[in-house]
Number of protein chains: 2
Amino acid sequence: MGDACHHHHTDGPPGAAEVERALAAADGRLTAEGERMTAARLRVLALLLGAGEPVKAYDLIARFGEDGQPAKPPTVYRALEFLERKGLAHRIASISAYVACTSGGRDHAAAFLICDCCGATQEVSSPVAGDLGLVADAAGYAIERTTIEAHGRCPACRIAA
Amino acid sequence: MGDACHHHHTDGPPGAAEVERALAAADGRLTAEGERMTAARLRVLALLLGAGEPVKAYDLIARFGEDGQPAKPPTVYRALEFLERKGLAHRIASISAYVACTSGGRDHAAAFLICDCCGATQEVSSPVAGDLGLVADAAGYAIERTTIEAHGRCPACRIAA
DNA sequence: GGCGCAGTGTTATGAGATAACATCACAGAT
DNA sequence: ATCTGTGATGTTATCTCATAACACTGCGCC
């Protein structure tokens with residue numbers, strides 16, 4: 001992802017140090033909660049954090065081995081399921097891709113602004129879920145999870161192109 | 001879809017007469033707009049309308065022929081793309097399924113309440129898109145389309161179960 | 001009647017995700 | 001220390017979802 005346009009973008013992926021910090025934080029928190037932050041889970045989270053934008057599952061599979069060896073699909077899908085369950089990652093259904101959570105972790109409803117031009121994706125704390133909840137209540141539905149994704153162009157891609 | 005639970009639901013799929021009326025209306029409108037409402041497109045729309053709930057693409061493919069002959073995938077995917085472009089159908093990304101539009105047609109942003117128990121799906125006029133638009137504006141994003149889907153339990157499935 | 005375009009038919013393949021089952025690692029009980 | 005259950009992983013195979021590519025057709029238009 002992130003190669004559809006060729007103009008300049010300022011904000012690249014996070015540096016290695018940031019990724020390390022986030023990994024350590026996630027590891028610490030989950031271990032404290034009694035969860036097992038295994039090698040595969042850490043590796044997938046590291047790949048997501050390092051990318052800083054949505055990544056396709058099969059890209060994760062391809063990049064999984066430090067040495068270039070791909071993983072088997074279930075290895076990565078299981079890790080993704082775990083990370084999503086723990087609020088550390090999200091699936092973006094409209095593009096079948098996965099992204100590290102940037103809103104602190106924990107289980108939560110999220111919404112995304114996705115640039116169709118460069119792939120940049122911003123997680124916004126779901127202001128929307130509130131409204132949607134009201135509509136759902138009125139219709140008698142009991143909502144358990146939401147998928148809220150807006151596609152368009154990020155500031156950089158609006159100016160360029 | 002729609003067979004996960006076994007308790008009673010009152011609202012079944014629309015009757016044949018309703019489907020016929022909706023088909024005729026869609027045909028008339030698109031023809032008036034200079035579009036070609038071909039046999040394949042009508043057939044797919046008829047299947048969606050008849051189901052009254054989200055249908056998987058390969059279910060449409062399987063049911064395509066009146067005589068039980070399946071269609072080739074591109075036939076159905078092309079029809080779906082056209083119907084979606086014209087606002088007559090929507091793709092539900094979170095479950096990879098398609099549903100006839102129940103809000104009058106035309107191009108529009110939609111939101112959905114989806115029952116994970118029985119598959120019932122309700123299209124609600126997007127109240128949410130407004131909010132999301134505000135957030136997007138603040139972030140500098142120019143939004144072109146949205147995916148808003150809420151999963152949970154419909155009134156009937158809340159009571160039963 | 002020849003051009004161009006939108007739509008279709010057909011074959012093949014690419015991309016996304018999971019089922020099923022064997023094995024392994026570890027915490028807690030005895 | 002060892003047994004034992006549970007959660008995690010390895011591995012193979014398969015299933016579902018979607019599209020690329022190319023030939024052909026019908027039709028309006030000049």
Side-chain angles (χ1 to χ4, degrees), chain A residues 1 3-4 26-27 30-45 47-48 54-67 69-86 88-99 119 147 149, chain B residues 1 3-4 26-27 30-45 47-48 54-67 69-86 88-99 119 147 149:
Chain A
M1 325 262 321
D3 44 28
D27 190 349
L30 288 196
T31 300
E33 288 178 9
E35 296 291 343
R36 290 151 73 172
M37 199 61 178
T38 64
R41 293 167 177 177
L42 276 173
R43 176 63 180 152
V44 169
L45 181 54
L47 287 169
L48 289 177
V55 187
K56 300 278 196 174
Y58 272 70
D59 287 344
L60 294 173
I61 287 167
R63 298 182 212 161
F64 187 85
E66 312 263 0
D67 49 359
Q69 293 304 302
K72 303 287 172 64
T75 300
V76 166
Y77 279 105
R78 284 165 179 163
L80 286 171
E81 186 202 12
F82 173 84
L83 294 173
E84 203 173 351
R85 185 153 33 91
K86 291 300 164 186
L88 292 170
H90 299 286
R91 175 168 191 263
I92 315 275
S94 58
I95 55 175
S96 293
Y98 301 83
V99 68
T147 296
E149 300 161 15
Chain B
M1 328 261 320
D3 43 30
D27 190 350
L30 289 196
T31 300
E33 287 179 9
E35 296 290 344
R36 291 154 69 175
M37 199 61 179
T38 64
R41 292 165 178 179
L42 276 172
R43 176 63 179 152
V44 169
L45 181 55
L47 287 169
L48 289 177
V55 187
K56 300 278 196 175
Y58 271 71
D59 287 344
L60 295 173
I61 287 167
R63 298 182 212 162
F64 186 85
E66 312 263 0
D67 50 0
Q69 293 304 302
K72 303 287 170 64
T75 300
V76 167
Y77 279 105
R78 284 165 179 161
L80 287 171
E81 187 202 13
F82 173 85
L83 294 173
E84 202 173 352
R85 183 154 33 90
K86 292 300 164 186
L88 292 170
H90 299 285
R91 175 168 191 264
I92 314 276
S94 58
I95 55 174
S96 292
Y98 301 84
V99 68
T147 296
E149 300 160 16

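To the nearest 0.5 angstrom, Arg41(B) atom CZ is 10.5 Å from Arg78(B) atom CZ. The line from CG of Leu83(A) to NE2 of His90(A) is 11.0 Å long, rounded to the nearest 0.5 Å. Note that the NZ atom of Lys56(A) and the CD1 atom of Ile95(A) stand 6.5 Å from one another [nearest 0.5 Å]. Here the NZ-CD distance, from Lys72(A) to Gln69(A), works out to 10.5 Å after rounding to the nearest 0.5 Å. For the atom pair Leu80(A) CG and Leu88(A) CG, the distance stands at 11.5 Å (nearest 0.5 Å). Going from atom CG of Leu60(A) over to atom OH of Tyr77(A) covers 9.0 Å, rounded to the nearest 0.5 Å.
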Are any protein N/O atoms closer than 3.5 Å to N/O atoms in nucleotides 3-9 of chain D? If there are, list each pair with its distance.
residue	atom	partner	partner atom	Å
dA8(D)	OP1	Arg41(A)	NH1	3.3
dA8(D)	OP1	Arg41(A)	NH2	3.3
dA8(D)	O5'	Arg41(A)	NH2	3.3
dT9(D)	OP1	Thr38(A)	OG1	2.4

Quick one: which protein N/O atoms are closer than 3.5 Å to N/O atoms of nucleotides 12-17 of chain D? Pair and distance per line, please.
residue	atom	partner	partner atom	Å
dC17(D)	OP1	Lys56(B)	NZ	3.1

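With salt bridges taken as basic N to acidic carboxylate O contacts below 4.0 Å, one links Lys86(A) and Glu35(A).
Under the 4.5 Å side-chain criterion, counting only non-hydrogen atoms from C-beta, Arg63(B) is in contact with Val55(B).
Rounded to a whole Å, the CD1 atom of Ile61(A) is 9 Å from the P atom of dG16(C). Here dT8(C) presents its C1' atom at 10 Å from CZ of Phe64(B), a figure rounded to the nearest Å. Rounded to whole angstrom, the span from the CG atom of Leu80(B) across to the P atom of dA18(D) amounts to 9 Å. In this structure, Glu84(A) places its CD atom 14 Å from C1' of dG16(C), rounding to the nearest Å.
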